[in-house]
Structure formats: structure tokens, C-alpha cells
Amino acid sequence: MEKILIVISLLFCSMPALADDKAELTALLGEFLDGATRNDAAIHNKYWADELIYTSSSGTRFGKAELMQGVSSRGMLKPDEIDTVYSSEDVRIMQYGDTAVVAFVLVGKSASETKRYLNSGTFIRKSGQWQAVNWQATIKAE
């Protein structure tokens with residue numbers, strides 16, 4: 001009976017940490033989308049793991065090096081150069097220890113149109129930091 005109580009106590013003690021991780025992942029997503037709006041290379045570098053596998057909505061697959069090359073070649077955008085602002089809707093997070101799946105609707109809003117994409121990423125926690133190791137983007141059906 002004592003062993004069962006200890007196991008139950010340990011489970012309850014770990015539950016707040018999972019809720020905190022969801023809040024941390026949600027905040028990380030918000031920070032990333034703000035950085036992506038500005039084309040901030042430092043934010044991209046923090047968000048993507050070195051071993052990233054990224055599948056774009058246009059059907060191309062590449063890694064972090066190629067992604068960072070594209071970000072760096074354009075440079076950080078000045079406020080008057082920003083034409084699309086990114087945000088998220090319907091964020092869903094499923095956590096499995098030091099691995100988490102984050103799925104959401106990416107909203108890209110410009111003066112002339114709003115585009116929506118179904119995005120999902122697999123994150124791992126390394127040295128206390130969450131980073132995306134796999135990413136999938138799909139244009140959302142109307």
C-alpha cells in the first residue's frame with residue numbers, strides 16, 4: 001500500500017511540470033512567430049534544432065542549414081518592410097516527457113490577404129531548452 005501511495009504522490013507532483021511545459025511551449029511559439037514576422041535569425045536559430053527536418057507547404061524538404069541560409073540572406077526586416085504578420089490559432093500541445101507535438105493553424109496576415117496553414121512540429125527538450133526537430137506545413141483547405 002505504501003508503494004502505491006508513493007507512486008501516486010510522484011505522479012501528482014509531476015503534473016504541474018507538464019502544465020508548465022505547455023505554457024512554455026506556447027510562449028516559445030509566440031516568441032517564434034513574432035521573430036518570424038521580423039525575419040529574426042537569432043529567434044530562428046533558437047527555435048530549430050540542428051537536426052531539423054522541415055517539410056514546407058510547397059512540398060520541399062530541407063534542414064536547419066538551408067533554412068538559416070534563407071533567413072540570413074534576407075536579413076532582419078525593419079518595421080516598414082514587414083508585409084506579413086504571423087500568429088497562431090487553435091494551438092494543441094501533446095507532451096510525452098522530453099518530447100512534445102505542437103500543432104496549430106499558422107495565420108499569415110498581410111494588407112491584401114490572410115493565409116492559413118496547418119503546421120505541426122515535434123519538439124525535444126535538450127539541456128532544458130525546447131527545439132523543433134521536425135516540422136510540417138500544409139496550406140489549409142478552405
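Model, not experiment: these values are computed from the prediction.
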Measure from the side-chain N and O atoms of [X] to the backbone N and O of [Y], and report whether any donor-acceptor pair falls under 3.5 Å.
| X | Y | value |
| --- | --- | --- |
| N39 | V71 | yes |
| S73 | G70 | yes |
| T84 | G108 | no |
| S72 | M68 | yes |

From [X] [atom1] over to [Y] [atom2], what is the distance, rounded to the nearest 0.5 angstrom?
| X | Y | atom1 | atom2 | value |
| --- | --- | --- | --- | --- |
| M94 | L25 | CE | CG | 12.0 Å |
| I93 | D21 | CD1 | CG | 9.5 Å |
| I82 | M76 | CD1 | CE | 9.5 Å |
| H44 | L52 | NE2 | CG | 11.0 Å |
| Y54 | E66 | OH | CD | 13.0 Å |
| I139 | S58 | CD1 | OG | 8.0 Å |

Report yes if some heavy atom in the side chain of [X] is under 4.5 Å from a heavy atom in the side chain of [Y]; otherwise report no.
| X | Y | value |
| --- | --- | --- |
| T55 | F62 | no |
| S120 | V102 | no |
| T138 | Y117 | no |
| N45 | K64 | yes |
| Q131 | K46 | no |
| I124 | E51 | yes |
| Y47 | W130 | no |
| I53 | W135 | no |

Are V107 and L118 linked, directly or through intermediate hydrophobic residues, by side-chain heavy-atom contacts shorter than 4.5 Å (ILVMFWY only)?
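In one cluster with L118: V107, yes.
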Same cluster (ILVMFWY, side-chain, under 4.5 Å), V91 and F123
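Same cluster: V91 reaches F123 through Ile, Leu, Val, Met, Phe, Trp or Tyr contacts under 4.5 Å.
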Where [X] and [Y] come nearest, the two heavy atoms and their spacing:
| X | Y | answer |
| --- | --- | --- |
| L33 | S87 | CD1-C, 3.6 Å |
| Y86 | T37 | N-OG1, 2.9 Å |
| A49 | V133 | CB-CG1, 3.6 Å |

Within a radius of less than 6.0 Å around CD of E113, do more than 12 heavy atoms belonging to other residues, nucleotides or ligands occur?
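Check passes, neighbour count above 12.
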NZ of K115: more than 12 outside heavy atoms within 6.0 angstrom?
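Not buried by this count: 12 neighbours or fewer within 6.0 Å.
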Kindly determine whether Q95 and R125 satisfy side-chain contact (heavy atoms from CB on, under 4.5 Å), including the steps that lead there.
CA-CA 11 Å; Q95 186 176 347; R125 182 175 29 211; 3.9 Å; yes
Using salt bridge (charged side-chain N to carboxylate O under 4.0 Å, His left out), reason through D40 and R38 one step at a time and then give a plain yes or no.
CA-CA 5 Å; D40 185 330; R38 295 178 283 112; 3.2 Å; yes
List the steps, then state whether salt bridge (charged side-chain N to carboxylate O under 4.0 Å, His left out) holds for K126 with D98.
CA-CA 8 Å; K126 290 195 241 177; D98 287 337; over 6 Å; no
Stepwise side-chain contact (heavy atoms from CB on, under 4.5 Å) test for L106 and S88:
CA-CA 5 Å; L106 172 68; S88 63; over 6 Å; no
Step-by-step side-chain contact (heavy atoms from CB on, under 4.5 Å) determination, F104 to D90:
CA-CA 5 Å; F104 64 99; D90 192 22; over 6 Å; no
Relative to the ring of W48, is the ring of F32 parallel (under 30°), tilted (30 to 60°) or perpendicular (over 60°)?
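F32 vs W48 ring planes: perpendicular.
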With R61 via salt bridge (Lys or Arg N to Asp or Glu O under 4.0 Å) - residues at least two apart
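With neighbours one apart ignored, the set is empty.
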